[in-house]
Amino acid sequence: LRLETARPEKRGKPRGEGARAFLLLLPYALPFSLFILLPVLMAMALSFTYFDVINPPTFKGFLNFITLFTQDTVFLKNVLPNTFLYALVVGPGGYVLSFLIAWMLTQLPKGPRTVLALAVYTPSMLGSVFIGVVWRAIFSGDQRGIVNYLLINLGIIDEPIGFFSTGNRALASVILINAWRWFPFNAVIFLAALQRIPQELYEAASVDGATTLRKFFHITLPSLQPVLFVMGLIGTLMSFNVFDVIYLLTGGGPSGATTTLPVLIYETAFKRYRLSQAAAMSVITGVILLTFAMLFIRFLSPPSDTDEE
């Protein structure tokens, strides 16, 4: 006997499905195209021109990029190193600090953990202007500054420290303040992820005699791989784009010691009115972030279920 297998009939898409999908995407696609895609394309186009707001743009090819990398010493010696140093310290540094604080919070009972988690999250709810004003008062370079007042009265120093008056101190102060501002948000995300790990895994490990350190490396970290990956990527990318607090605290000074790419782009576009050069810097920033994201995903992406199979 010859058995024939019935082939399933191919069914086409229901009529109108494409139109419904388009209508569902439209509320997102329209503002995305208007406020993100269009400005990006305009910035890329302006980066190949000379445009000073007054005269019409004139095509100059790669002149803006060549000038930045060959003649702009401030861009090469100050801005790029400051941006990378700031991003590498605030991003990974705040990332590790957030995770450690979240892990310590999970060791507390529910009541104290909830109160402390709310207290830890408070800095993330504050506005940039408020943060700038408060920290300028805390790090004021005279005896009225809170830190200087305490250090002088404790006999640790004799003269006030100018936290924003020298390059190294200003950059360190800005890094500290931004790390303080952003680590609470990451800590709350890590805390929520840690609480989702089944307690049965830790109980079984305890029965087998596993130490706290072994539980951390063999249960906690593997369970948090997706969250650690996403938060590491987002945190580092966001640290590249910080502008508000840096500009409010130091304005990029002293002598460009705290000037990062976002600060320089703002000053070039809205103070010097060199929009084409600012657009070129924006394109360079986009290329840096895209390259970093691709490398991060390529080498640090956690294995998926398909890869494990």
Side-chain angles (χ1 to χ4, degrees), residues 36 79-106 113-139 146-147 163-164 168-195 221 224-252 257-266 282 285-286 288-290 292-293 295-297 300:
I36 297 179
V79 177
L80 281 182
N82 288 347
T83 304
F84 280 103
L85 177 62
Y86 175 88
L88 291 175
V89 174
V90 173
Y95 175 84
V96 173
L97 180 63
S98 303
F99 181 77
L100 291 176
I101 290 177
W103 183 73
M104 288 188 290
L105 287 174
T106 57
R113 181 176 66 228
T114 304
V115 174
L116 288 176
L118 180 61
V120 166
Y121 187 69
T122 301
S124 296
M125 298 186 288
L126 302 177
S128 302
V129 176
F130 179 82
I131 291 174
V133 171
V134 170
W135 278 101
R136 283 198 70 87
I138 293 174
F139 281 161
I146 297 174
V147 174
F163 291 99
F164 298 122
N168 292 334
R169 289 176 186 170
L171 185 60
S173 300
V174 167
I175 288 174
L176 174 65
I177 293 167
N178 275 286
W180 168 85
R181 181 191 184 187
W182 288 113
F183 89 84
F185 175 78
N186 297 335
V188 171
I189 299 297
F190 286 138
L191 178 61
L194 285 166
Q195 291 176 330
L221 286 183
L224 293 180
Q225 272 190 347
V227 178
L228 293 172
F229 169 76
V230 172
M231 296 305 297
L233 178 60
I234 294 176
T236 307
L237 292 178
M238 288 179 62
S239 63
F240 267 96
N241 291 314
V242 172
F243 164 79
D244 47 5
V245 173
I246 296 177
Y247 196 77
L248 288 169
L249 288 171
T250 64
T258 58
T259 301
T260 57
L261 272 171
V263 175
L264 183 63
I265 291 170
Y266 173 82
S282 301
T285 303
I288 292 173
L289 295 180
L290 181 61
F292 171 81
L295 292 175
F296 194 94
I297 294 171
L300 297 179

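The figures that follow rest on heavy atoms only: side chains count, while hydrogens, waters and symmetry mates do not. Residue numbers run from 1 in the order of the sequence given. From a predicted model like this one, the values you see are computed outputs, not experimental measurements.
At a threshold of 4.5 Å between non-hydrogen side-chain atoms, the residues Thr258 and Phe164 do not count as touching. The closest side-chain heavy-atom distance from Ile297 to Phe229 is below 4.5 Å. Side-chain contact between Val227 and Phe190 is present, with at least one heavy-atom pair separated by less than 4.5 Å. Using a 4.5 Å heavy-atom threshold, the side chains of Leu116 and Leu105 count as touching.
Ala293 and Leu233 get closest at one heavy-atom pair: CA-CD1, 3.9 Å. The shortest heavy-atom contact between Pro123 and Ala119 is CD-O, 3.8 Å. Shortest non-hydrogen contact noted between Leu224 and Ala193 is CD2-CB, 3.5 Å. Taking each heavy atom of Ala102 and Ala187 in turn, the nearest pair found is CB-O, 3.4 Å.
Side-chain atoms of Tyr95 come within 3.5 Å of backbone N or O of Leu228 as a donor-acceptor pair. Ser239 contributes a side-chain N or O that, together with a main-chain N or O of Thr236, makes up a donor-acceptor pair within less than 3.5 Å. Ser98 places a side-chain N or O within donor-acceptor distance of the main-chain N or O of Phe183, the cut-off being under 3.5 Å.
Atoms CG and CZ, from Leu118 and Arg113 in turn, are 14.0 Å apart once rounded to the nearest 0.5 Å. Separation of atoms CG (Leu191) and OH (Tyr121) is listed at 12.5 Å; rounding is to 0.5 Å. Note that the CG atom of Leu237 and the CD1 atom of Ile288 stand 12.0 Å from one another [nearest 0.5 Å]. In this structure, Leu261 CG and Leu80 CG are separated by 5.5 Å, a value rounded to the nearest 0.5 Å. Between atom CZ of residue Phe296 and atom CD1 of residue Ile234 there is a gap of 10.0 Å, rounded to the nearest 0.5 Å. Rounding to the nearest 0.5 Å places CZ of Arg169 at 12.0 Å from CZ of Phe139.
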Chi angles and distances behind the side-chain contact (heavy atoms from CB on, under 4.5 Å) call for Asn178, Trp182: CA-CA 6 Å; Asn178 275 286; Trp182 288 113; 4.2 Å; yes
side-chain contact (heavy atoms from CB on, under 4.5 Å) between Phe185 and Met125, intermediate numbers included: CA-CA 9 Å; Phe185 175 78; Met125 298 186 288; over 6 Å; no
Stepwise side-chain contact (heavy atoms from CB on, under 4.5 Å) check, Leu289 with Asn241: CA-CA 10 Å; Leu289 295 180; Asn241 291 314; 3.6 Å; yes
Trace of the side-chain contact (heavy atoms from CB on, under 4.5 Å) decision for Val242 with Tyr86: CA-CA 9 Å; Val242 172; Tyr86 175 88; 3.4 Å; yes
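When each of Asn82, Ile246, Thr260 is checked for a side chain to side chain contact (heavy atoms under 4.5 Å, CB included) with Val174, only Ile246 meets the rule.
Under the rule for a side-chain contact (heavy atoms from CB on, under 4.5 Å), the partners of Ile138 that lie at least two apart in sequence or sit in another chain are Val134, Trp135, Ile146, Val147. Listed by chain and number, the residues in a salt bridge (charged side-chain N to carboxylate O under 4.0 Å, His left out) with Arg181 are Asp244 (sequence neighbours excluded).
Ring-plane geometry between Tyr266 and Phe243 is classed as tilted, the angle between the planes lying from 30 to 60 degrees on a 0 to 90 degree scale.
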